[in-house]
Each structure stands twice: as structure tokens, then as C-alpha cells.
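Here the structure comes first, spelled out in C-alpha cells, and everything after it is commentary.
Values below: all heavy atoms of this structure, side chains included; hydrogens, waters and symmetry mates excluded. Source: prediction; values computed, not measured.
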Amino acid sequence: MSISLYSVFTSFLWFNLFIVILCFWRRRLKIALAYQLSPLILLVAMSLVRLLFPFEPSFAIELESTRVLPFIQDQLRTPIITIGSVTITLATVIVLSFSFVSVILLMRLFSLVQRKQESLKVCKPTNDTRLLALFDQVQEELPSKRSCVLKISDSCVSPCIFGVMHSVILLPKTFFSLSDQDIYYVLKHEWQHHLDWDVTIKLLTKVICCIMWWDPLVYLLKYHLDQTLEFKCDAKVTKKLNNEQRVCYAEALLHVLALTLEKRPSKNHNAREESIAISFVGAAFHKKVAANTDTIQRFDALLECGKQNKKVEIACGSLLLFLFCFSFCFVIQPFSLPTPQNISHVTKGDVSGPVSISPESSFLLDNKDGTYAFFLNGTYMQDITEEEKESDFFQSLPIISNIENKI
């Protein structure tokens, strides 16, 4: 198992394909409800894992690209400027430029996380006995070894959670007007985010967006990830609830949405800092991007949760896992045969030490007399017979026969 430039390229293609499937799946409300949320979560996990582990197994089949990749390679090798003995190519300029922007974005994200942590230190843990009693009840139902603090904030518009190792649940002051039942369900929802390390997953996706800022599909992944995390949390919280309790949970969500609409962002409100936390009402609601559709889909998902066909869900998940495993079975590589002009200028030579002979680095030239000239990296090595050509050593090499020039 190894990592190469081409295995990274193949991993990038599959990463984008999984994002496209995720976008299609989540946008189809009936499909999402019929197959439940497990395939959505699986698609998010598959896309991230496929990008972060661009390995090339030993059994992977090499698919040869004879036009697209060779053309891209030729363009990237175009020399831009020569400084002394060093030639700077187009590929070098692109890599340096993209890396510079990525570093700037990562530094800005790090600074944003630092500012968020500093702002959270200003907020003191709540001493409201009513809130603490409900929060203790939630923690007793599903204990966690990691610490989580409940705080009241003037700047947050809706309930949200932030933090990796130590989580902080922020509640707006208007939250006190809600009933005990509404507060309980909201705290249970945020606590589920804490248990599932959802803030860490979101920050990881933010890092990927900073590194791959030039790929528009990573922003789609971030957007759909935010909504999928909310669907997943709603499903886990309401999994053991009866129909009447699920309606109460949906009403709690409605009440929080109503308070969020009434509350205008204060001067201390920072939308960028809020973007790295997980809000109870979802990211789409704040950004007004398909907010109505996503909110309706969220209500349908939590009310229909548990009514799906398990056999269909298992079959669908198995198909996705098969597709994920299949993605490691081949690697796309550029391939182009040398032209007669290139072959006519090679020189005869010897190579000492171990060499790698493959269709990418070697070929055979038909001498038209029953023998074949063996070339390694554009250098003529020796002539071989017809019998030697059929051996395992040379059998996989391409044969060039339409050469008019003699060497």
C-alpha cells in the first residue's frame, strides 16, 4: 500500500463524486425519508475518509489516461521563468499560490477559534437552578466523561454548542421564556452533539475547506454536513420517543425558531464566530439559504424517523460500502507512447543497480527482423528475441511498430 500523486488525484475524484451523491440524496426528501438518515451519514463519512486516506493498494488496477492527464501534465510542465539553474514551471506557481491562500485561510480559522474561546471565558456558567436541574437530568440519562458547561450569552441568537475537548452550551437570555419541556428537549439535542463530537467534525470540515478552497464542492459538503448533523441529532434524541413526545419535540423546535426570528443580532454578535459552532436551528436558517426547504425537511425527518424500511436501508448502506471499497480498486494514471521523433534521439546506455520496468517507463521497438529493441526511460538497452518478449519480464510492455526512422 502506497501513496502517489495519481492515488491522491483518484481520491480527489471519488471525494467529489461522493459529495455529488450526497447533494442529490439529501435534496430528495422522499428518498431521504424512505432510506432513513444512515446513508446520509455514511456518505459524509465516506467522502471525508476517501479524501484523507488516498492510498493505492497493491491490487489496484492502473487505468491509463491517454488524453486528459497527459495534456494537463504537459501544461503544468510549461516553464514560466528560469532563475539560474532552477526552472519554475506553471505547476510550481499554482502549488505555491494555492498553498499561500490555504495558509492564510487556516490562520484566519485558527484566529477565529481563539477569539471564540476567549469570548466564552467572559460568559460565566449559569447559576439558574431551573436550567441546572434540567441539564443534570439530561446528563444523568446519557453520561459523558468529557466536561460540558452550560452558559448564558447576550450575543448568541439561538442555542448552540462549541468546543472540542471541553464543550460549552450557550443559551440566549430569551430562552428563559420557554417551558421546562422545551428547554429539556433543546438541552438534550445539544448534549447529543457533545456526545457525538459533532463540533470536531464540523471544524475538520472547515479545515478541509481552507485547504481545498479552490474546489467548489467542498462548500457543498460543509453545507450538507451541517444539515445532516442536525437530522442525525434529531433522530437520536427522538429514537425512543412515542408519537406524542415527538410532536412535543417538534413544537420545541418551533418555539426556538420563533424566538430566533424575534431576536435581532446584538452589537456583540459575531456571525463568523457563530459559524464554527453548531446552532440548534441549523446553519441554513441563519444564512437564509433554502431555509424553508431545510426546515420543512427537518420536521418531516424527525416525525417520520423509525418508520422506514430497514431492509431497504441495509441494502442501500451495503451498496454505498461496496462503492467505497470499489474506489480503492483502481488508480488513474497518465500514459502516452513516445513519438518516432523522441525515439530517434535516444542513446544507447547501460543501467546499473535495480530498475523499475513498467509500461510507463519502458517499451519495445519492433526491429522487423524477429527481434525487439528494449528501451528504458527513453534509453536503448538491448535487443531481445521473440521468445524473450513472451516472458513475464517483457510481456506487459507496449510494442511500437510504426517507426519509419532508424536509430
Side-chain angles (χ1 to χ4, degrees), residues 116 119-142 148-163 167-195 198-199 226-227 229-231 233-234 236-238 241-271 273-288 291-292 294-296 298-303:
K116 182 66 176 178
S119 65
L120 289 177
K121 292 179 181 179
V122 178
C123 301
K124 296 182 180 180
T126 181
N127 55 3
D128 185 273
T129 56
R130 175 187 173 216
L131 292 180
L132 290 176
L134 292 171
F135 191 45
D136 289 340
Q137 179 183 349
V138 169
Q139 294 181 86
E140 289 174 1
E141 292 174 357
L142 291 173
C148 182
V149 182
L150 182 62
K151 295 184 176 183
I152 305 298
S153 173
D154 293 329
S155 59
C156 67
V157 179
S158 68
C160 61
I161 183 171
F162 177 79
S167 300
V168 177
I169 297 178
L170 290 176
L171 303 179
K173 283 189 174 181
T174 54
F175 201 69
F176 288 99
S177 63
L178 295 177
S179 66
D180 288 358
Q181 181 176 259
D182 291 343
I183 295 175
Y184 168 76
Y185 282 132
V186 172
L187 290 177
K188 196 172 181 66
H189 178 95
E190 300 302 328
W191 181 252
Q192 190 64 54
H193 281 308
H194 167 77
L195 294 175
D198 288 342
V199 177
D226 291 341
Q227 307 311 312
L229 289 178
E230 295 303 325
F231 291 167
C233 229
D234 290 337
K236 285 192 173 183
V237 172
T238 60
L241 301 182
N242 55 40
N243 292 335
E244 183 179 351
Q245 291 172 323
R246 288 185 183 181
V247 171
C248 293
Y249 181 88
E251 289 177 348
L253 176 57
L254 275 176
H255 295 157
V256 175
L257 288 174
L259 286 178
T260 305
L261 285 172
E262 293 176 2
K263 180 179 174 61
R264 294 185 178 181
S266 64
K267 295 180 180 179
N268 299 326
H269 175 72
N270 191 322
E273 288 187 8
E274 192 174 83
S275 67
I276 59 177
I278 297 181
S279 173
F280 179 76
V281 295
F285 185 81
H286 288 297
K287 295 181 179 179
K288 307 301 181 183
N292 292 334
D294 289 324
T295 304
I296 292 172
R298 183 175 176 183
F299 277 106
D300 286 336
L302 71 90
L303 293 175

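- E190 places no side-chain N or O within 3.5 Å of a backbone atom of L187 that could act as its donor or acceptor partner.
- Between the CD atom of Q181 and the CG atom of L134 there is a distance of 11.0 Å, given to the nearest 0.5 Å.
- The distance from atom SG of C160 to atom CG of L170, rounded to the nearest 0.5 Å, is 4.5 Å.
- With sequence neighbours excluded, no residue forms a ring pair (Phe, Tyr, Trp, His ring centres under 6.0 Å) with Y184.
- Crowding of E141 atom CD: a count of heavy atoms from other residues, nucleotides or ligands under 6.0 Å exceeding 12.
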Pair R130-D180, side chain to side chain contact (heavy atoms under 4.5 Å, CB included): steps then yes or no: CA-CA 8 Å; R130 175 187 173 216; D180 288 358; 2.5 Å; yes

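- Across R246 and L241, no two heavy atoms sit closer than the pair NE-O, 3.5 Å.
- L142 places a side-chain heavy atom less than 4.5 Å from the side chain of L195.
- Atom CD1 of I278 sits about 11.5 Å away from atom CD of Q192, to the nearest 0.5 Å.
- No side-chain heavy atom of S167 sits under 4.5 Å from any side-chain heavy atom of W191.
- The shortest distance between side-chain heavy atoms of I152 and K124 does not fall below 4.5 Å.
- S177 is listed as a side-chain neighbour of L259, based on a closest heavy-atom distance under 4.5 Å.
- Between V256 and L178, the closest side-chain pair of non-hydrogen atoms falls below 4.5 Å.
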Derivation and outcome, side chain to side chain contact (heavy atoms under 4.5 Å, CB included), residues I169 and V149: CA-CA 6 Å; I169 297 178; V149 182; over 6 Å; no

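- When atom types are taken as modelled, the side chain of K151 and the backbone of L120 share a donor-acceptor pair closer than 3.5 angstrom.
- Interatomic distance, CG of L171 versus CD1 of I183, reported as 8.0 Å (0.5 Å rounding).
- Nearest heavy atom pair, residue V199 against residue F162, reads CG2-CA, 4.2 Å.
- Residue C148 comes nearest to Q139 through the heavy atom pair O-OE1, 4.5 Å, listed as atom of the first residue, atom of the second, then distance.
- Counting only heavy atoms from C-beta outward, the side chains of P172 and P159 approach each other to under 4.5 Å.
- With contacts defined as side-chain heavy-atom distances shorter than 4.5 Å, the pair C248/Y185 qualifies.
- Counting only heavy atoms from C-beta outward, the side chains of D182 and F175 never approach each other to under 4.5 Å.
- For H189, the ring pair (Phe, Tyr, Trp, His ring centres under 6.0 Å) partners are H193, F280, not counting sequence neighbours.
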